[in-house]
Structures are given as C-alpha cells and as structure tokens.
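This report concerns only the one structure given below.
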Number of protein chains: 2
Amino acid sequence: MSATIDLGTIEPGGERTERRDAAANRALILETAETLFNERGVENVCMADIAQAAGVGKGTLYRRFANKAELALALMDTQMREFQEAMLSRMRQQSEQGLSKLEQLDQFLDALIYFVDRHNPLLCVVQNEGLLESVGEQERQRPHFWQHMTVSGLLNAAIDEGELPPDLDTIYVADALLATLNASLFRFQREGRHFSLERISAGLRRLAAGLK
Amino acid sequence: MSATIDLGTIEPGGERTERRDAAANRALILETAETLFNERGVENVCMADIAQAAGVGKGTLYRRFANKAELALALMDTQMREFQEAMLSRMRQQSEQGLSKLEQLDQFLDALIYFVDRHNPLLCVVQNEGLLESVGEQERQRPHFWQHMTVSGLLNAAIDEGELPPDLDTIYVADALLATLNASLFRFQREGRHFSLERISAGLRRLAAGLK
DNA sequence: GATAATAGCGGACTGTAGTCCGTTTGTCAA
DNA sequence: TTGACAAACGGACTACAGTCCGCTATTATC
C-alpha cells in the first residue's frame, strides 16, 4: 500500500522513486558533463558530446535533463543549496545579534555577487533558457525564485522594523535589484567593463541604500 | 576619384554603396519578415521560412542579416531612431525650460518603458543573441549602448547641477537601471506578475529617486 | 556595347537541439 | 522463479541555424 516515497533530488510530493539504472545514469551523466565542461568550457560542449562521452544514448540524456540549462542547474544544485542554507543560518544569527534588516540585505547581496561570479558560466547557460519560455515554467527559475523570496522577505521585514517606508513596492524592487545580477550583464560588466567585484557590490548596495 | 559614398542604413565611414539588386532584396526580406512575424509571431518564424517566403536563397538572407536578432533589430531600426531623436529633442527642450536633470531622467525612463513594452517580442529576440557573445561585438548592442549613453549622461549632468552626489558611480547605475528593462524580465513582469506599465514605471523611478 | 572585376545569389552541406518509438531491463506480485 | 508491465534505453529522425562555394548579375571602364 503505502509506497516508500523517495524524495530524490526534487521534493514536491508525488515523485516516484528512480530505478537503479536510471539513478546510476543520472550520476554518470552529471560526472561526465562536469568533466567535459571543465575541460572545454561550458559553451563548447554539446549535448551529443555528453551523451557519447557518458556512453549513453541521446534519448537517455534528454530523459534526465531536458536541455543544457537543466543539466547546468543540476550541476550547481548542491552548491546552491549550501549557499542558500548558509545564508539562511547567517541571517538568523544576524537577527539575533540585532543587525538591521537592511544591513542583512547588504550582506546578502554582497554574498550573492560572489556566488554569481563564481558560477557565471553555468548561470549564463541556465538563464539563456530561463524566464523566456512559457511563464508557468517554474523549475528552471528556482534560483531566481528563491533569491526573490529572500530579497523581498528582507525588504518586507525592513518595512516592519520601520527601516523602510511602508509603501515600497517590495516585489518590484526585489526584481530590480536581482536584475542587476543577470549572468550575461554581470559577465559583460566583469569582462567588458572590467568592473571589480567590489565596484559592483558597492554600486548595488548604494542602490539599495537609496530606498530608505 | 571621389566615389559617391552612400551612407545606407549604417553610417560608420568606409561603407561601399549597396548594389541595386542587393538593396531590393534587403527591402523584400524586411517586408516579408515583418509580415510573417505579424502573422505567426516572431518566435514561430525561422530563417528558412523567411528566405522561402521572400523567394530568395538562405545564403542571400544570411548575407544581409547574420541571424534573427540582426533582422529584428533592422525591423525596429526606424522606430528606434525616431524614438531616439524624439527623446533628444524633448530633453533639449526640457533643459531650456529649466527642468531638472533628474526629472528628465524620470521622463526618459518612463518613455523607455513604453517603448520596451511595445517592442517586447522583437527585443526578446535581439537580447537573446545580445551581450553574451564575444565582448567586442558592438553592433547588436547598439540599442543598449545608446540608452546607456543617455542615462549615464543625464546622471553626470545631474551631478554637475548638484542634484546628485559627485561620487556616484554613474556607469554602474546606468547599467543597473537599464538591467531592469531587460526584455525577458519585462515580459515576465508583465505576463507572469501582471504588473501594469504604471507600476513598473513608478518602481523604477522610485529606485532612481533614491540616488539623491 | 563589350569586357573584366566583383558583389551578390542559391541551395547543398554541416552541426546541434530535441523528439519518437521499437527494444531492453528492472521491479513487484504471485 | 517467473511473468507482466512500466520505466528506461538507444539511436534514427526531424527541424533549425549557419556556412560554403560554384554560378550569375551588376557596374565601372574602355
């Protein structure tokens, strides 16, 4: 009766447990992709290459990952969760220490900048496929979604604390602040404009500071 | 000796004048593309369709427009120039009337929002191909480039007028404000979040207002 | 007008994304 | 075990982007 529901990598209820060979292939594909990406750079590896290097058919590859963006997202998954949890625990701690919500926002944005920088190539791939598609598609937006929750949450909390005026459009502002960290723009700022991380961080925090 | 250099659609010096058949084809392709885009929607038309409908070979099509983004850009070209000139003349006029630089910035951003909304489908195509490529590629960035010039120019002018603090990183801020108008994000805000143009405009201007 | 030089043309060709479907394999119940 | 059945597999196939190159048309010159 009660099937042992294994949560796998995706938590929403109702997921069936993955067959053993499928799980093995998923791991194999991820390893292979990571290796190839490191060897040749993300943009110089195509899906067929990955399938061949992993010794599986293209059908198998696409059954697991609908495209390169999903694959890239899966590769970042662990580090994203770690980052996410680190931020949450840090913010909890900071709240206890009485740090203001706006200062917490500052630090969150700063940390996010370093994260975006480190993972820029993968993020470029992820975002290329991103928001564009049918609006309902939430899977690939997961990173943005979480980031948006965090930023708008901090903004709302700041309003509650009287640090920001209550009429602020926090949903919009969160969008705007995060738009700044779009991977392609970020790359252009880093490589084309030769901005340092410090400059980007200072600029963004300045923008946030203007809200009060 | 002195060849009559026809400026064509692109002005940088050293351009040869286009052969008559080539010019005819360019016009034919643009017309055809516009029709197809209107009939089926930009994203449901591929380059081969356009070539076929125009009755030219793919080679011919690609000789004129390296990809759909360039084609889309060319289709917006006229309206973009008009918008650009309208803005410039309006700003000149506003300066004479003593309107502050920050108010001019507000109005520019507001107008830009309506422009981005009207041309969203084409802009999505243009930006998809955009910034990503080799950083040097300036042709396709033309819209961004011009917008960035305008915004950072206004910010610098505002500093000169004492409306903004002189230590403001105007280059960065211009990037940040414009990042907000990224076509994909914009579309998401409009269709996914159901934001009105007024809401977006108010939010963005609020952000700009915080700079002082 | 004839001719040479060259820009322009067309469509076959290559490479990649992503789908489809007949075959194989793992899992669960008897 | 074994058999049934769903899940997973592989690779041929379709669709689209973009390139290449031999042929054609235009234009400048005489």
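In what follows, chains carry the letters A, B, and so on, assigned in the order in which the sequence lines appear, proteins first and then strands, with residues in each chain numbered from 1.
Taking only side-chain nitrogens and oxygens, A/Asn25 comes nearer than 4.0 Å to OP1 or OP2 of D/dC9. Phosphate proximity of C/dG8 to B/Thr60: absent, as no side-chain N or O sits under 4.0 Å from OP1 or OP2.
In this structure, the nucleotide among D/dT27, D/dA8, C/dT27 sitting nearest to the side chain of A/Arg63 is D/dA8. Of the candidate nucleotides D/dA8, D/dA17, C/dG18, C/dG18 has the atom nearest to the side chain of A/Glu129. Closest approach to the A/Arg20 side chain among C/dT16, C/dT27, D/dC16 is made by C/dT27 (side chain taken as heavy atoms from C-beta onward). For A/Asp21, the side-chain atoms get nearest to C/dT25 when compared with the rest of C/dC9, C/dT19, C/dT25. Counting only heavy atoms from C-beta on, B/Lys58 has its side chain closest to C/dG11 among D/dA8, C/dG11, C/dG18.
Note: CD1 (B/Ile29) to P (C/dG8) measures 12 Å, nearest angstrom. In this structure, A/Phe65 places its CZ atom 16 Å from C1' of C/dG18, rounding to the nearest Å. Atom C1' of nucleotide C/dG18 and atom CG of A/Asn128 are separated by 17 Å, given to the nearest angstrom. Atoms CD (B/Glu18) and P (C/dA7) sit 13 Å apart, rounded to a whole Å. A/Leu36 has its CG atom 13 Å from the P atom of C/dT16, to the nearest Å. Straight-line distance from the OH atom of A/Tyr62 to the P atom of D/dA7: 23 Å, rounded to whole Å. For B/Leu61 and D/dG18, the CG to C1' distance is 10 Å, given to the nearest whole Å. Going from atom CD of A/Glu43 over to atom C1' of C/dA17 covers 17 Å, rounded to whole Å.
A donor and an acceptor atom sit less than 3.5 Å apart, one in the side chain of B/Arg19 and one in the base of C/dA7.
Ion pairing between B/Arg206 and A/Asp169 fails under the 4.0 Å rule for side-chain N and carboxylate O.
When the shell of 6.0 Å around CZ of A/Arg118 is examined, it contains 12 or fewer heavy atoms from other residues, nucleotides or ligands. Atom CD of B/Gln52 has 12 or fewer neighbouring heavy atoms from other residues, nucleotides or ligands inside a 6.0 Å radius.
In this structure, A/Cys46 and B/Gly57 both approach DNA chain C, and ranking their closest nucleotides by distance from the 5' end singles out B/Gly57. Residue A/Arg64 is the one, among A/Arg64 and B/Ala48, whose nearest nucleotide of DNA chain D lies closer to the 5' end (criterion: closest heavy atom). Comparing A/Gly59 and A/Met47 by the nucleotide of DNA chain C that holds the closest heavy atom to each, the one mapping nearer the 5' end is A/Met47.
Every residue meeting the ring pair (Phe, Tyr, Trp, His ring centres under 6.0 Å) condition with A/Phe108, not counting sequence neighbours, appears here in chain and number order: A/Trp146.
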Side chain to side chain contact (heavy atoms under 4.5 Å, CB included) between B/Ile50 and B/Leu71, worked out
CA-CA 11 Å; B/Ile50 298 169; B/Leu71 185 46; 3.6 Å; yes
